[in-house]
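Residues take their numbers from the sequence shown, with the count starting at 1.
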Amino acid sequence: MRAMVLPGPRARLRMDERADPIPGDGQIRVKVSACGVCRTDLHVVDGELPDIRYPIVPGHEIVGRIDLIGPVVTTHRLGDRVGIPWLGYTCGTCRFCREGMENLCDHPLFTGCTRDGGYATHAIADARYAFPLGEDGDDVAIAPLLCAGLIGWRSLVMAGHAKRLGIYGFGAAGHIVAQVAVWQGRSVYGFTRRGDIAAQDFARKLGAVWAGASDELPDAPLDAAVIYAPAGELVPAALRAVRKGGRVVCAGIHMSDIPSFPYNLLWEERQLLSVANLTRQDGLDFLKIAPQAGVRTETTVFALNEANEVLDRLRGGQILGAAVLRP
Ligand SMILES: [Zn+2]
Ligand SMILES: [Zn+2]
């Protein structure tokens with residue numbers, strides 16, 4: 001197999017030839033057809049997450065077909081198309097797993113971070129965390145759903161029944177969640193970097209009733225806001241934009257420091273919370289809802305050996321929608 005491998009923090013990925021991996025008990029091997037590039041991959045490259053296992057093959061939005069099945073797998077068959085998400089394994093025994101919060105498991109494995117991911121021709125996954133995808137839809141179009149979509153969905157649920165919803169950062173997750181929110185009958189307000197006209201036009205095209213810079217205030221207060229961009233200064237900006245009792249959800253895995261802000265931005269029962277990882281139920285729910293909502297992902301396809309250039313472009317805000325690697 002071939003894989004783009006990250007040897008250590010803040011290094012460039014390099015193409016490796018390796019022996020094809022053999023799935024162990026409960027595992028499957030997938031021939032990767034498409035792997036989305038997520039902003040989290042930048043945090044892996046930058047060494048900004050705890051417990052990253054180097055050298056690591058990044059990538060946790062994997063679509064492919066099972067080409068080898070390990071012992072004691074009864075849920076999947078050879079040739080099945082599956083999606084492999086960020087959540088790669090949970091212990092099943094810690095208090096969080098037992099209480100239905102496996103996204104907070106004490107002993108998890110994360111695809112493309114603490115176990116090898118999908119910037120490769122083949123990937124190993126725990127069968128219990130591989131979602132059956134059926135045959136509808138294109139592999140490239142589905143790939144971004146597996147993290148931007150799933151964690152985007154979890155953050156939208158966390159935003160509650162907000163009618164007027166702000167989305168800060170209109171990248172891979174923002175553009176998917178906006179479509180679901182519009183389908184649910186919400187009014188979407190898209191916030192982008194100042195002067196990013198292309199992203200603001202993109203937001204309007206996807207049904208946003210308003211689009212502007214993240215330091216602007218909408219014409220009326222929001223009921224809730226979800227922040228996808230990893231910029232801490234968006235927290236006070238979003239708190240300023242929500243009404244009394246409104247909620248601000250931080251959906252990213254990493255964020256720059258939040259600047260201090262006056263208590264009156266939080267006062268009047270505004271809530272600030274974060275979303276971490278996903279549960280398998282989030283995945284099952286969202287993969288059912290996405291086709292009902294008619295979600296269409298905007299993708300740009302790159303070859304596997306272009307992974308470094310793709311990450312550079314993502315960092316520079318030069319990817320509209322989502323980038324997908326095609327091994
Ligand atoms: Zn656990
Ligand atoms: Zn991700």
Side-chain angles (χ1 to χ4, degrees), residues 1-7 13-23 27-45 49 52-70 76 79-89 108-133 137-151 172-173 253 277-278 280 283 287 297 299-311 314 319 322-327:
M1 65 173 276
R2 287 178 304 124
M4 287 298 278
V5 178
L6 176 68
L13 277 61
R14 56 153 202 262
M15 184 68 86
D16 251 15
E17 283 280 349
R18 300 176 164 187
D20 288 349
I22 304 297
Q27 294 181 331
I28 53 174
R29 188 177 75 192
V30 170
K31 188 168 188 305
V32 179
S33 158
C35 184
V37 177
C38 175
R39 176 162 285 282
T40 298
D41 301 345
L42 283 180
H43 301 309
V44 171
V45 169
L49 307 180
I52 302 171
R53 196 212 69 194
Y54 299 106
I56 185 78
V57 179
H60 56 268
E61 296 181 325
I62 305 170
V63 176
R65 289 189 185 273
I66 298 175
D67 78 340
L68 197 59
I69 293 189
H76 296 69
D80 282 358
R81 188 169 70 152
V82 293
I84 300 168
W86 170 249
L87 188 74
Y89 167 86
L109 288 176
F110 296 119
T111 311
C113 181
T114 56
R115 82 187 303 168
D116 281 338
Y119 286 19
T121 55
H122 296 78
I124 296 282
D126 187 314
R128 296 172 302 162
Y129 300 83
F131 298 116
L133 292 178
D138 174 64
D139 293 352
V140 167
I142 290 171
L145 301 182
L146 287 160
C147 181
L150 300 192
I151 294 184
I253 194 167
N277 312 315
L278 68 143
R280 281 172 283 179
L287 290 171
T297 50
T299 54
T300 313
V301 175
F302 298 88
L304 184 58
N305 61 10
E306 293 177 293
N308 285 306
E309 291 72 41
V310 178
L311 291 167
L314 182 62
I319 302 275
V324 178
L325 298 177
R326 193 106 218 224

Query raised in the report: Can Cys113 and Ile56 be said to form a side-chain contact (heavy atoms from CB on, under 4.5 Å), step by step?
Result: CA-CA 7 Å; Cys113 181; Ile56 185 78; 5.6 Å; no
Requested in this report: Please state whether the rings of Trp86 and Phe110 are parallel, tilted or perpendicular, taking 30° and 60° as the class boundaries.
Outcome: parallel
**Report entry** Donor-acceptor side-chain pairing of Arg326 and Ser33 below 3.5 angstrom
**Finding:** yes
Out of curiosity, [X] [atom1] to [Y] [atom2], how far, rounded to the nearest 0.5 Å?
X	Y	atom1	atom2	value
Leu6	Ile52	CG	CD1	8.0 Å
Arg53	Arg115	CZ	CZ	9.0 Å
Arg65	Arg29	CZ	CZ	15.5 Å
Ile151	Leu278	CD1	CG	5.5 Å
Asp139	Leu133	CG	CG	8.0 Å
Leu287	Leu150	CG	CG	5.5 Å

Requested in this report: Could you tell me whether the side chain of Asp16 and the main chain of Val5 form a donor-acceptor pair under 3.5 Å?
Outcome: no
For the residue pair [X] and [Y], establish whether any side-chain heavy-atom pair is separated by less than 4.5 Å.
X	Y	answer
Ile28	Pro23	no
Arg81	Ile142	yes
Arg128	Arg280	yes
Thr111	Ile62	yes
Arg2	Met15	yes
Leu13	Pro58	yes

Requested in this report: Could you note down all residue pairs passing side-chain hydrogen bond (donor to acceptor under 3.5 Å, both in side chains) where residues 299-311 supplies at least one of them, sequence neighbours left out?
Outcome: none
Report task. Can you sort out the partners of Ala141 under side-chain contact (heavy atoms from CB on, under 4.5 Å), two or more places apart, ordered by chain and number? Result -> Asp138, Thr297
Report summary line: For Leu146, the side-chain contact (heavy atoms from CB on, under 4.5 Å) test, sequence neighbours excluded, returns Glu61, Val63, Phe131
Query raised in the report: Going through the checks in order, is the side-chain contact (heavy atoms from CB on, under 4.5 Å) test met by His60 and Thr40?
Result: CA-CA 9 Å; His60 56 268; Thr40 298; 3.7 Å; yes
Report task. Considering only NZ, NE, NH1 and NH2 on the basic side and carboxylate oxygens on the acidic side, decide whether Lys31 and Asp20 come within less than 4.0 Å. Result -> no
Report task. Apply side-chain contact (heavy atoms from CB on, under 4.5 Å) to the pair Thr121 and Val32, showing each step before the final yes or no. Result -> CA-CA 5 Å; Thr121 55; Val32 179; 5.9 Å; no
Query - Stepwise side-chain contact (heavy atoms from CB on, under 4.5 Å) check, Leu325 with Val310 - result: CA-CA 9 Å; Leu325 298 177; Val310 178; 4.1 Å; yes
